[in-house]
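As the structure lists them, so they are numbered: ligands from 1, and atoms in each ligand from 1.
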Amino acid sequence: MTGLVVAMDGPSGSGKSSASRGVARALGLRYLDTGAQYRAMTWWMLKQGVDLTDPEAVAARCGEAEIVSGTDPDAPSIHVGGTDVSGPIREDEVTGVVSAVAAVPEVRARLVALQREIIGAGGIVVEGRDIGTVVAPAAPVKIFLTASPEARALRRSAELAGTTAEAQVAALARRDTLDSTRKTDPLSMAAGAVELDTTALNLEEVIAEVLRLVKERT
Ligand code: DC
């Protein structure tokens, strides 16, 4: 398992994070949440007062953010310039604008390079949108998680108190469109990926299915 890379892609609310952490834990692998890195970059840009509607301004500054990801599946962490941002990156202020930052090619180039550095010789489960297509296309196990829009929204509104399922469906649909239609590395299923629809599955069932696929492919 030491050199193994498991690529876990899919839209928000498909259950990627919990499943990826569970798989990493079960196999004794590291875990990398690449969405947290795009969120951390966005948090830093907001703090710096960068105009996020201006891709050139975002591109010009993205090299300055020092992003450090901790890869323990039991306690994943994310720091920018030494500040722990695990809490703030989940707030609406960041969630509402992260897709715009993630669409800037220079941001993607910088974070993809960082992700490849962290992946190194492998032994890791990596979750995101472009892991199987761009970051680690040679990964022996690539999973594309999906779920119905209603199931995804329900999972999100259970996580975020104070939002209704309807508001979540609308917000997720907006983010999906932005993430799937951007020019650089849009969300799409990689060649050789296995699609796993998690709508009717609980977390244990999703983890068991991924572990079965890992066994089959390694
Ligand atoms: O998985 P998440 O919701 O934390 O991701 C936050 C945003 O980052 C989301 O809008 C898509 C983007 N993202 C991306 O473009 N590429 C990745 N590998 C991971 C996330």
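- For Gln37 and Ser69, the side-chain atoms include at least one donor-acceptor pair closer than 3.5 Å.
- Residue Glu205 holds its CD atom at 10.5 Å from OG1 of Thr198, rounded to the nearest 0.5 Å.
- Closer than 4.0 angstrom to ligand 1 by heavy atom are Thr34, Gly35, Tyr38, Arg39, Arg90, Val98, Ser99, Ala102, Arg108, Gly128, Arg129, Asp130, Arg175, Asp179, Arg182, sorted by chain and number.
- When side chains are defined from C-beta on, Asp176 counts as touching Arg152, because their heavy atoms get closer than 4.5 Å.
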Kindly determine whether Val125 and Met8 satisfy side-chain contact (heavy atoms from CB on, under 4.5 Å), including the steps that lead there.
-> CA-CA 7 Å; Val125 180; Met8 301 277 280; 3.8 Å; yes
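- Note on residues 37-58: no pairs pass salt bridge (Lys or Arg N to Asp or Glu O under 4.0 Å), not counting sequence neighbours.
- Annotation: side chain of Trp43 is in contact with side chain of Val80 (closest heavy-atom distance under 4.5 Å).
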